[in-house]
Amino acid sequence: MQPSWTRLNREQSHQVLDKLSGHKDAVVFSKEATEVSWRSLPFYNNYRLYRLINYATMPTFSMMYLSNGDEFLSIDGTANPIYTINEKDGIRLNEMNVIPYLDFFFTNVQGSEGDIFLIKDPRKMPMLDSLSEGQQQSVISSFKPLKVSYDATQHVHRVSGTIYYGGGLISATILVSSEGKLAFQEQNLLLTGIHFPYSPYSQHWLEG
Amino acid sequence: MSNAPRLQDFLTNTQTLPPDDVMIEKALDILNHSAHGQQLADFVSVNQISIRIMATPQPTTYLPEAKLVYIGFSRNNPVSPARFVLMMAGILREAQQELAGIKHPHLHAPMQEHMKVSMAKHEDKVWYMCTVACELNDMEVFGEYKFLDELKKMGHEESLALYLKQERKNA
């Protein structure tokens with residue numbers, strides 16, 4: 001289970017917003033209507049995930065940052081900020097936290113064909129019910145359960161399982177290096193034509 | 001079944017985008033081709049609206065101040081030019097509402113007021129996006145942009161159908 005969000009009080013929130021506003025390209029957040037909260041990430045020592053939500057817009061607007069309380073790196077949809085913090089904080093991966101790391105990574109990084117989603121239980125997959133009955137059955141029957149192992153010779157975690165990406169289900173092995181870098185192996189397309197109306201990571205329509 | 005080579009490229013950022021100011025300028029230029037879009041482009045220059053692009057995991061727009069709008073998307077998976085234009089139209093319309101004094105109710109206002117005002121603002125914004133999309137879609141020069149298809153992909157299929165029905169009735 002993911003750790004819950006801890007909401008900062010007004011003074012602490014203002015300190016964070018002051019720090020952020022010092023950056024040249026910082027996205028503007030109003031002090032009056034912005035909630036700042038954080039949660040820990042099990043693979044980092046000093047960095048946390050910060051969430052800023054501006055409640056004065058409809059729908060609310062939020063941004064995520066990785067921060068040690070001093071430096072703030074915005075989550076921008078690419079792997080760059082995550083890889084940067086992995087290096088700075090000395091990411092600690094083990095067989096217990098490699099799946100939470102992949103969940104975190106895929107939630108925040110898009111590929112050229114959109115979101116990637118690691119399926120743990122196809123019956124609990126978001127928006128499964130938006131598919132036809134036949135497609136739902138195909139998803140369930142094509143599913144390969146997650147397997148995690150550690151390759152001590154190459155110093156990588158190997159995570160085998162089923163992924164949703166680019167409108168298809170793919171079985172693959174994800175190699176996660178000790179620095180948290182990802183590579184894919186043994187890919188096999190299991191099913192195509194799976195399209196969801198929303199991003200699996202978003203509660204909103206994919207629009208602005 | 002066949003292999004899925006696309007996954008190999010998952011972390012390879014191969015897309016090169018024009019500079020932000022070029023994307024913004026081009027989108028405003030396209031908006032200028034539609035009557036309602038032109039009104040938005042004029043609004044930008046008359047009121048000196050600042051348009052910025054931000055990097056976000058999902059496509060989004062944001063209006064923190066009436067004269068400052070953001071359009072966000074991931075550099076790994078940039079939005080199409082058509083979507084960029086429509087996102088810009090939507091958020092500029094919202095900026096117009098704000099400058100005209102049609103603002104979201106205060107955070108502590110009653111829920112009913114939020115529902116009434118915010119829904120009206122959203123309806124107006126989507127109606128505007130539909131209008132701009134239809135106007136641009138009718139132009140041969142923008143045929144390949146497929147503005148109406150893009151609007152549907154943005155989640156506005158139902159709104160577009162209602163809009164077109166209403167337009168036919170008014171014709």
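Everything numeric in this text was worked out from a predicted model, so none of it was measured. Order of the sequence lines fixes the chain letters, A, B, ..., with proteins taken first and strands second; residue numbering starts at 1 for each chain.
- Ring pair A:F43/A:Y101 is perpendicular by interplanar angle, where above 60° counts as perpendicular and below 30° as parallel.
- The side chain to side chain donor-acceptor pair (under 3.5 Å) check on A:K31 picks up A:D18, with sequence neighbours excluded.
- When each of A:M63, A:R7, A:E35 is paired with A:R51, the side-chain contact (heavy atoms from CB on, under 4.5 Å) condition holds for A:E35 and for no other.
- No other option in B:P105, B:P64, B:S74 has as many heavy-atom pairs under 4.5 Å with chain A as B:S74.
- Among B:T56, B:L63, B:L151, the residue with the largest count of heavy-atom pairs under 4.5 Å with chain A is B:T56.
- Neither the backbone nor the side chain of B:I91 comes within contact range of chain A; no heavy atoms are under 4.5 Å apart.
- A:A33 touches chain B through backbone and side chain together, each having a heavy atom under 4.5 Å away.
- For a residue to count as touching a neighbouring chain, one of its non-hydrogen atoms must lie under 4.5 Å from one of that chain's; by this rule B:L68 touches chain A with the side chain only.
- Proximity of B:L164 to B:C134: side-chain heavy atoms (C-beta onward) are separated by under 4.5 Å at one or more points.
- In this view, A:H155 and A:Y150 satisfy the side chain to side chain contact (heavy atoms under 4.5 Å, CB included) rule, not counting sequence neighbours.
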